[in-house]
Amino acid sequence: MSHEDFKVMIPAHALSALDWTDDRALTDHLAECAECQQELIGWEQTAAAVALSASPAEPSPLVRQRILSQIRSDGESLGTPKIVPFKLAQKNIWSSLGSLGAIAAAVVFALLLGYLFLLWRENRAMRNEVQTLLLEKQRIQKDLEMVTMLKKPGTKLMELSGTAVAPGAFAKLAFDQSGHAMVMTNGLPAAPAGKEYQLWYIVAGKPPMRGKTFSTDRQGTGMIEDQLPAEALKASVVAVTLEPQGGSDTPTMPMYLSSRS
Amino acid sequence: MQPEQAQVSDVELLAAIVRKDETALAELYDRYRVILFGLLVRILNSREEAEDVLQEVFLQVWRRAADFDEKRGRPFTWLVTLARSRGIDRLRSLAARERVALAGAKQPAEEVSDAAADAFASEQRTLVTTALEQLPEEQRRPLILAYFDGLTQSEIAAKLGAPLGTVKTRMRTGLMKLREALGNQSTSFGF
């Protein structure tokens with residue numbers, strides 16, 4: 001058959017009315033003929049219009065429900081939930097190197113922090129040690145001064161004992177003829193906040209004369225240099241009380257240390 | 001109804017159906033259920049069978065919307081072709097006894113409500129119906145037998161007792177006249 005023969009068959013093909021042999025032959029021709037394909041599109045539109053001549057009819061609402069139910073069922077059975085696929089990150093040598101660099105930097109930073117912490121802790125320990133050594137040095141110096149003073153001719157030594165409020169405490173007081181005195185305490189309880197110990201020189205018939213205030217270390221050890229009043233050179237009693245910071249003009253009882261047993 | 005806008009929207013709906021948008025399918029169904037169901041009732045003369053086929057048609061649309069090619073025709077043409085093809089297949093699959101019974105019990109399809117008829121664009125239907133009625137009976141009859149009964153030219157010739165060549169000529173002439181009657185309006189009406 002010629003192209004024109006096939007072209008004549010196209011309207012019947014659009015109506016699906018061709019007999020099988022004709023339909024088969026035209027279908028083969030359509031596969032190779034663009035002109036006839038285009039011709040067919042036009043005839044199919046005309047044929048489709050014939051559908052409009054049928055009386056319109058309303059299907060049961062159940063049809064719509066069944067269709068929607070079926071497509072949902074299909075979606076579930078096919079396992080095609082609308083899930084956004086997780087995208088794996090693209091491997092990139094530069095980003096990988098960047099990541100490694102970041103990790104290395106973090107490690108170095110952590111090491112530096114650790115090293116700084118060690119340095120800070122060591123420094124603090126050394127500062128504490130220096131402070132301890134300085135205090136030790138001061139104590140030794142005081143001890144040496146005490147010894148030096150005791151070696152001087154005319155130096156007198158007085159011992160003070162702990163009272164009932166400080167039974168384990170004791171002190172030694174050395175003083176020369178000029179009234180230069182040194183007191184070394186031991187075993188005194190730590191003074192509460194806002195309080196400090198104070199020396200008193202008591203002469204019979206006179207009010208107690210105030211001496212210097214001082215504090216002690218954790219062992220209750222204290223080293224005080226003082227200048228005794230002239231009257232105090234003949235003092236019969238030397239005592240230590242706990243007074244407000246800065247000292248008092250009159251002693252606050254009880255006494256913690258006293259030269260009178 | 002704005003046919004031109006609906007035409008564009010139909011293409012968009014089919015694209016959405018390809019993306020498995022259920023609401024798009026529901027919208028397409030709502031637009032064309034009356035036309036397609038009327039066509040299927042006319043072919044099958046059975047509401048029950050027509051509803052069954054209508055369901056099959058829209059399930060096929062759901063599963064094969066990607067087959068629609070805008071270059072090869074409009075959505076309306078594609079949908080009607082699908083529905084008619086399914087309807088004719090069902091008609092042919094029916095037992096001869098049932099088919100005879102159906103043929104003997106041809107009844108007009110149940111008319112739809114005025115609102116539905118409006119939605120269906122009765123103007124288009126009037127245009128097509130008028131064009132068909134203006135055809136001579138010898139030309140119109142082969143068209144109707146082919147389109148709604150799914151008969152081939154040989155079957156039509158046998159049914160009408162006319163020579164095959166005559167049936168071919170009358171069928172082609174009738175369809176050409178229908179196209180001329182619809183003319184350019186077929187483009188503006190979206191079919």
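Letters A, B, ... are given to chains in the order of the sequence lines, protein chains preceding strands, and every chain is numbered from 1. The model shown is predicted, which means the values in this text are computed figures rather than measured ones.
- Of all residues in residues 132-145 of chain B, those placing a non-hydrogen atom less than 4.5 angstrom from a non-hydrogen atom of chain A are L132(B), L143(B).
- Atom NZ in K195(A) sits 6.5 Å away from atom OG1 in T252(A) (nearest 0.5 Å).
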From CA spacing to verdict: side-chain contact (heavy atoms from CB on, under 4.5 Å), M176(B), W43(A): CA-CA 9 Å; M176(B) 288 179 70; W43(A) 285 113; 3.2 Å; yes

Working for side-chain contact (heavy atoms from CB on, under 4.5 Å), residues V41(B) and F37(B): CA-CA 6 Å; V41(B) 169; F37(B) 186 62; 3.7 Å; yes

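- A salt bridge does not link D149(B) with K159(B): none of the charged nitrogens is closer than 4.0 Å to a carboxylate oxygen.
- Heavy atoms of L68(A) lying under 4.5 Å from chain B belong exclusively to its side chain.
- Contacts with chain A were tallied for D30(B), L25(B), T81(B), I156(B); D30(B) has the most, counting heavy-atom pairs under 4.5 Å.
- Remark: H29(A) engages H3(A), F6(A) in a ring pair (Phe, Tyr, Trp, His ring centres under 6.0 Å) (not counting sequence neighbours).
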Does V61(B) form a side-chain contact (heavy atoms from CB on, under 4.5 Å) with Y32(B)? I'd like the steps, not just the answer. CA-CA 12 Å; V61(B) 169; Y32(B) 289 107; over 6 Å; no

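- Taking A12(A), A14(A), G42(A), S60(A) one by one and counting their heavy-atom pairs under 4.5 Å with chain B, the maximum is reached by S60(A).
- Distance check: K20(B) NZ to R63(B) CZ gives 8.5 Å after rounding to the nearest 0.5 Å.
- Contact count versus chain B (heavy atoms, under 4.5 Å) is highest, among Q38(A), Q37(A), R64(A), Q70(A), for R64(A).
- Interface remark: D22(A) contributes side-chain atoms only to the contact with chain B (heavy atom separation under 4.5 Å).
- Residues A131(B) and L178(B) come closest through the heavy atom pair CB-CD1, 3.5 Å.
- Between V50(A) and F148(B), the closest side-chain pair of non-hydrogen atoms falls below 4.5 Å.
- Using a 4.5 Å cut-off between heavy atoms, I88(B) does not touch chain A at all.
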Stepwise side-chain hydrogen bond (donor to acceptor under 3.5 Å, both in side chains) check, E4(A) with S2(A): CA-CA 5 Å; E4(A) 289 304 318; S2(A) 68; over 6 Å; no

Between L39(B) and Y147(B), does a side-chain contact (heavy atoms from CB on, under 4.5 Å) hold up when you go through it step by step? CA-CA 10 Å; L39(B) 167 64; Y147(B) 197 81; 3.7 Å; yes

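- For the side-chain contact (heavy atoms from CB on, under 4.5 Å) test, residues two or more places apart in sequence or in another chain that qualify with I140(A) are E136(A), L144(A).
- Contacts with chain A (heavy atom to heavy atom, under 4.5 Å) involve these residues of residues 166-175 of chain B, listed by number: K168(B), M171(B), R172(B), L175(B).
- Of the listed residues (L40(B), L164(B), L59(B), L36(B)), the one with the most heavy-atom contacts under 4.5 Å to chain A is L59(B).
- Side-chain atoms of E243(A) and T241(A) include a donor-acceptor pair closer than 3.5 Å.
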